[in-house]
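These notes are about the structure you will find just below.
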Amino acid sequence: ICYILSATSCLYAEDKVVAVVNNEIITQKDLFDFLGFIRMQYSREFKGKVLEEKVQAMKQDLLQRLIEDRLILQQAKNDKVIIEPSRVKAKINEIKKRYALESEFENDLSKQGLVQADLENKIREQMLMYAVVEQKVRAKVIIRPDEITNFYNQNKGQFLKSEERQLTVIVLDDESLAKAVSYQMRQGEKLADLAVKYPFTVDKLSAWKGEDLRKEIDEAVFSLGLGEVSAPVKIDEKYYVFKLENIIASRQLDLAQAQDKIQAYLFEKKLQEGLTKWLDELKKLAYIKITGN
């Protein structure tokens, strides 16, 4: 936003105080920098519209997030938590490995209005916050065996294993060859014999009913009868032919099969509840004033 303002206006906008947390301030620049950091993190996994949706979702609660982060960092300071510089450096090096060139890394930082020192500071803060939350909240979360059993008994419907389809997948570069392979397989030709005549690769695939498959794959796979072969399906620049080898019916998972999933769910639930309670206690003891954003 600042680039459309004059230099003086931009400086004022970035330095505007939007909140006070105890004896520290949060400025408009802090908001801009945090959004840039989040965008850079998300940009390695998401692109275009999806990336913007992720950033906008974060933006809605951004000030509250920064206030909570500041409270946690103040707690880390009070507890004299220390992060070794080597850990921050190792994380920076890990991030740099995602880029082919150092200049690409620097350009990505620049796009978000950041320099490497900003990134190092954000990473150090994340490590400090994680260490404090680990000590104050996460280490105190306990999931008892009877809690897992009770959850399973009360929610058995959540632990149905969907129908599984086991397939052979033939991958080709040319549509006409893919049609030929598909036709000849439906006529009873063996895959080993076809491999002598046509250039393709073969893979195995398991697909589950209700799984988040691409629409064209889902339609092809779940319309097949046992032993049937699909018409070629184009995905990006490749052509895929599917043969259904086996169907494993939907079935109920027993407690032993479901317990890891239940453990993870209950742990995350208790962690979030504990974190919210702890942050609420910090807020009650803190001086917090929101001046505008």
Side-chain angles (χ1 to χ4, degrees), residues 39-55 90-112 159-253 257-258 260-261 264:
R39 187 186 297 275
M40 185 175 180
Q41 284 188 315
Y42 283 162
S43 67
R44 305 308 301 176
E45 186 176 355
F46 305 104
K47 302 293 180 186
K49 184 180 178 182
V50 177
L51 172 61
E52 290 308 312
E53 287 174 352
K54 292 285 183 182
V55 173
K91 186 63 179 178
I92 291 288
N93 290 336
E94 180 185 325
I95 294 172
K96 284 183 177 181
K97 288 178 182 177
R98 303 172 188 167
Y99 298 84
L101 299 170
E102 177 93 11
S103 58
E104 291 180 7
F105 166 72
E106 292 172 355
N107 288 339
D108 208 358
L109 277 174
S110 181
K111 286 178 186 176
Q112 312 309 328
F159 303 105
L160 289 174
K161 184 76 170 179
S162 300
E163 175 187 292
E164 178 184 353
R165 295 198 159 206
Q166 298 176 339
L167 305 114
T168 296
V169 187
I170 299 92
V171 187
L172 302 101
D173 294 324
D174 182 84
E175 183 178 15
S176 61
L177 292 182
K179 287 180 177 179
V181 168
S182 173
Y183 175 78
Q184 291 179 46
M185 286 181 69
R186 278 179 277 166
Q187 295 303 307
E189 287 275 353
K190 293 182 179 179
L191 197 55
D193 294 333
L194 292 173
V196 176
K197 297 189 288 184
Y198 301 106
F200 56 70
T201 57
V202 180
D203 205 348
K204 298 292 182 181
L205 171 70
S206 286
W208 286 267
K209 197 81 171 177
E211 190 180 46
D212 190 19
L213 293 172
R214 291 180 64 148
K215 182 181 177 182
E216 54 268 50
I217 297 178
D218 188 272
E219 290 176 349
V221 166
F222 288 98
S223 64
L224 292 175
L226 194 60
E228 289 185 347
V229 177
S230 75
V233 178
K234 185 179 181 183
I235 302 171
D236 299 327
E237 300 303 317
K238 300 285 187 179
Y239 295 87
Y240 296 78
V241 176
F242 301 96
K243 181 182 179 183
L244 181 58
E245 303 287 2
N246 190 27
I247 298 177
I248 301 176
S250 175
R251 60 198 184 277
Q252 177 74 50
L253 297 180
Q257 293 170 318
D260 287 348
K261 184 177 180 181

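- Atom CG of residue Asp108 and atom CZ of residue Arg98 lie 10.0 Å apart, to the nearest 0.5 angstrom.
- Side-chain atoms of Arg214 never come within 3.5 Å of backbone atoms of Ile235 as a donor-acceptor pair (strictly under, hydrogens ignored).
- Between Trp208 and Phe222, the closest heavy-atom pair is C-CZ, 3.6 Å.
- Note: Ile170 CD1 to Leu194 CG = 8.5 Å, rounded to the nearest 0.5 Å.
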**Report entry** Worked check of side-chain hydrogen bond (donor to acceptor under 3.5 Å, both in side chains) between Ser206 and Glu164
**Finding:** CA-CA 7 Å; Ser206 286; Glu164 178 184 353; 3.1 Å; yes

Would you give me the side-chain donor-acceptor pairs under 3.5 Å for residues 238-247, sequence neighbours excluded?
unit_1: Lys238; atom_1: NZ; unit_2: Asp173; atom_2: OD1; d: 2.5
unit_1: Glu245; atom_1: OE2; unit_2: Thr168; atom_2: OG1; d: 2.7
unit_1: Asn246; atom_1: ND2; unit_2: Gln166; atom_2: OE1; d: 3.1

Query - side-chain contact (heavy atoms from CB on, under 4.5 Å) between Leu253 and Leu160, worked out - result: CA-CA 6 Å; Leu253 297 180; Leu160 289 174; over 6 Å; no

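- The backbone N or O of Gly225 lies less than 3.5 Å from a partner atom in the side chain of Glu228, making a donor-acceptor pair.
- With values rounded to the nearest 0.5 angstrom, Lys54 atom NZ is found 4.0 Å from Phe46 atom CZ.
- Residues Val181 and Pro232 are not in side-chain contact: their nearest non-hydrogen atoms beyond the backbone lie 4.5 Å or more apart.
- In this structure, Leu167 and Ala207 approach most closely via the heavy-atom pair CD1-CB, 4.3 Å.
- Within the structure, the salt bridge (Lys or Arg N to Asp or Glu O under 4.0 Å) test picks out no pair touching residues 180-206 (sequence neighbours left out).
- Distance alone, capped at 3.5 Å, is enough to place a donor-acceptor pair between the Ser182 side chain and the Ser230 backbone.
- The distance from atom NZ of Lys179 to atom CD of Gln184, rounded to the nearest 0.5 Å, is 14.5 Å.
- In terms of modelled atom types and a separation under 3.5 Å, the side chain of Gln252 and the main chain of Lys161 share no donor-acceptor contact.
- Two residues are said to be in side-chain contact when any heavy atoms from C-beta on lie closer than 4.5 Å; Tyr99 and Glu106 fail this criterion.
- To the nearest 0.5 Å, the span separating CZ on Phe200 from CG on Asp174 amounts to 13.5 Å.
- Using a cutoff of 4.0 Å between basic side-chain nitrogens and carboxylate oxygens, Lys49 and Glu52 are not scored as salt-bridged.
- With respect to the salt-bridge test (charged N to carboxylate O, under 4.0 angstrom), the residues Glu102 and Lys96 qualify.
- The distance from atom CD of Glu104 to atom CG of Leu109, rounded to the nearest 0.5 Å, is 12.5 Å.
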